[in-house]
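Values below: every heavy atom of this structure, side chains too, minus hydrogens, waters and symmetry copies. Numbers restart at 1 for each chain; the letters A, B, ... are given by sequence-line order, proteins then strands.
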Protein chains: 2
Amino acid sequence: MTAKHGGTKITINYVAEKAGVSKTTVSRFLNGRFEMISADTRERIASVVEELDYRPNRIAQSLKSRSSRTIGCLVSDIGSPFSSILVKGISSVLNEQGYRLILADSEDNPVNERNAIDSFLESQVDGLIVNSTGANDRFLLQLRDNGLPVVFADRCLSIPGEIDTVETNNTEMTCSCMQYLSRMGYTKVGFFANGIGKNTTRMARLSGYLKTMEEVFGYDGRDTVYEYVSHGDGSGCADKILKFITTYSQERVALFAVNGVAMLDILNALQKMKLQAGADVGVCGFDNWGWADLIPPGITTIAQDSFAVGAEAAKIILDRLSGEGDPACRKIVLPSKLEVRGSTVR
Amino acid sequence: MTAKHGGTKITINYVAEKAGVSKTTVSRFLNGRFEMISADTRERIASVVEELDYRPNRIAQSLKSRSSRTIGCLVSDIGSPFSSILVKGISSVLNEQGYRLILADSEDNPVNERNAIDSFLESQVDGLIVNSTGANDRFLLQLRDNGLPVVFADRCLSIPGEIDTVETNNTEMTCSCMQYLSRMGYTKVGFFANGIGKNTTRMARLSGYLKTMEEVFGYDGRDTVYEYVSHGDGSGCADKILKFITTYSQERVALFAVNGVAMLDILNALQKMKLQAGADVGVCGFDNWGWADLIPPGITTIAQDSFAVGAEAAKIILDRLSGEGDPACRKIVLPSKLEVRGSTVR
DNA sequence: CTGTTAGCGCCTTCAT
DNA sequence: ATGAAGGCGCTAACAG
């Protein structure tokens, strides 16, 4: 609802009338083409705009210009710290450039995801930043091929093809982390994931894990991959942890969390089982959401810069829109940081 | 970018042409007015729409209908778990009703906030859900008076006036929490806030605190209110904690965190000072973000249902838009929950 | 049942 | 330096 004045909607027409000029002139004024306007009329328009508190209708502008200056952003769960900070990064860059952000939460559901994409398209978004479930990748690729800038953030394409991507060095960092665990004397590492499915981020971490298990630990890691359903309280993974620990009671074992959710689950489960991270079993994994230092003996985590992931994704979109930068497909891999704490020491 | 076909933008006109009918008929078809269409043409249009993968342009629809079916949501920090879950609640309700969500992050800055609101207005949003900084409340009230539905979420109006509001029972719960601390034998409680300013939520909690300090603890709480600047690592409040504790070394003292950020700061500071929550000093406060149970001896927290706050705010907006429900100004106060753990015991 | 016409608010040639 | 006219894609009278 734009400001009103005695019941009349304030449009460019109304401003023109009040200022005694044509709407063409007002339009020029609004778009800063001052060279074509006399100082006199320019001032007159300015004062009318000011007085009426006129706000141009972006909807009408968009219809005419065929550009909404709006980016659609689709995340799998806006409630998770990772996603929300990712969105903050996106928002920060877009806002700076006068772009608007439409947000949708797929809840990791392919149907919701598809609906959200359709809605974005109908809204005439100028670009798409996606935390894809993987199920609609063919469709997304096709949209990109039709000319719509699409960037994958914290996900890569789950099918053959090329698309702009920004993500963390998932595989490499998982390898590094595993190597670190090996150096610390652990002989078996359990990989705990609240589902893997088509989630390429989790798959990338899994692949780094499997590789290092084979090459460094010298065993087939598939035996120690534990998928479970998270209930947010550790109940989903407790039995799997127990099984892992008892199966390898003769070894030095550690638990690896594929992400922050799994990490919380593991810690909750250990607490219920009266097991101490560090002393009884090694614990480490992805995502430092602010409390890793506070849970004794300090939890070894891999911290990601999700703000940067979002910011870079937004920058790519804007580059694509302006035609700037290398037109070749971009794959940005951002570093993460292994933060060693007590839970993987001795 | 809507789907293309040999370079032609697919519009309602194009569909009409292909189907050999007028665009009016196609429009009727799209809007489900099937009574006015013969089964034959109806089928013809359906197949053309399907074949062309036609998507109506919501921009054009909005221009015509003067309704964008879009709600603007302004939060102070989308990166915080409180806000992001709030947004999830909003998104969930809006999505269900086919409304879109434009998001902006004010970073608690009044200028950013004002710009975001202006941008929302230009985008012709049908309503506004705001996590107000307080600095633009007069403006927001005026917008509402001009007919734009505006709902305050997790904030109330900082100036005289009435506006739809959804928030947690901040004052009452803070009182309850203080009374609980009194019963537990604490005699002094420090109120720690990462800034209060015009933030009405923090002010409400402060007022509950001051009231109970006077009525139950029997002292002027203003002496034990500590405002500081958060750096995310506790460094901002460590000296204030130290001062509080040493000043009242003869008393049984507890620290109260005004929100989750302050809570993390306090815990980090205590850790650095080698002080134990619970044993050395009582600790409790707002926001349970999943780890309260895991930090020994368990941190007593006040858990808010921020999803519900968002969902209720969105429902009010939709009610206002549809004219349903009580037209009187609504003040929804949602319950929160005091979760007692070891940090306030003995 | 279907089409014609006009117009939402704005921008953009093309004249003047 | 300024304006008139047309059109972006869609909906809604108003006619038939």
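If you measure from atom CG of D40(A) to atom P of dA1(D), you get 13 Å, rounded to the nearest angstrom. Taking atom CG on N31(A) and atom P on dC11(C), their separation rounds to 5 Å, with Å as the unit. Rounded to an integer number of Å, the gap from CD1 of I10(A) to P of dC8(C) is 16 Å. Summarising the geometry, the separation between CG on N13(B) and P on dT4(C) is reported as 11 Å, rounded to the nearest angstrom. Distance, M36(A) CE to dG3(D) P: 14 Å, rounded to whole Å. Residue K23(B) contributes atom NZ, which lies 19 Å from atom C1' of dC1(C) at whole-angstrom precision. With rounding to whole Å, K9(B) atom NZ is found 11 Å from dC10(D) atom P. Nucleotide dA1(D) holds its C1' atom 11 Å from the CD atom of E35(A), rounded to whole Å.
S62(A) has no side-chain polar atom (N or O) that falls below the 4.0 Å cut-off from OP1 or OP2 of dC10(C). When the side-chain nitrogen and oxygen atoms of Q61(A) are compared with OP1 and OP2 of dG9(C), none of them lie within a distance under 4.0 Å. One finds no side-chain N or O of S38(A) lying less than 4.0 angstrom from the OP1 or OP2 phosphate oxygen of dA1(D). For Y54(B) and dC10(D), the shortest distance from a side-chain N or O to OP1 or OP2 is below 4.0 Å. S27(B) has no side-chain polar atom (N or O) that falls below the 4.0 Å cut-off from OP1 or OP2 of dA12(D). A sub-4.0 Å separation between OP1 or OP2 of dT12(C) and a side-chain N or O of R33(A) is present. One finds no side-chain N or O of T11(A) lying less than 4.0 angstrom from the OP1 or OP2 phosphate oxygen of dG9(C). Contact annotation: R58(A) does not reach the phosphate of dG9(C) (side-chain N/O to OP1 or OP2, under 4.0 Å).
Distance from the side chain of T25(A) is smallest for dG3(D) among the nucleotides dG3(D), dT4(C), dC10(C).
No hydrogens or angles were tested; on distance alone, a donor-acceptor pair under 3.5 Å links the side chain of R28(B) to the base of dG3(C). Side-chain atoms of T24(A) and base atoms of dT12(C) include a donor and an acceptor less than 3.5 Å apart. Checked by distance alone, K64(A) brings a side-chain donor or acceptor within 3.5 Å of a matching partner on the base of dC11(C).
In this structure, I12(A) and F34(B) both approach DNA chain C, and ranking their closest nucleotides by distance from the 5' end singles out F34(B).
Side-chain contact annotation: D137(B) with S158(B), donor-acceptor N/O pair under 3.5 Å present. S83(B) and D77(B) are not linked by any side-chain donor-acceptor pair at a separation below 3.5 angstrom, with hydrogens and angles left out of the test.
When each of K315(A), R320(A), R330(A) is checked for a salt bridge (charged side-chain N to carboxylate O under 4.0 Å, His left out) with D164(A), only R320(A) meets the rule.
In this structure, L63(A) reaches the bases: a heavy-atom distance under 4.0 Å links it to at least one base atom across the strands shown. Using a 4.0 Å heavy-atom distance criterion, S65(A) is classed as making no nucleic acid contact.
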Practice problem: Could you go through the side chain to side chain contact (heavy atoms under 4.5 Å, CB included) check for K88(B) and E107(A) one step at a time? | Solution: CA-CA 10 Å; K88(B) 198 176 174 79; E107(A) 300 185 331; 3.9 Å; yes
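Salt-bridge check for E122(B) with R55(A): failed, with every basic side-chain N at 4.0 Å or more from each acidic carboxylate O.
Counted within 6.0 Å of CD on E35(A), heavy atoms from surrounding residues, nucleotides or ligands total more than 12; the atom is thus considered enclosed.
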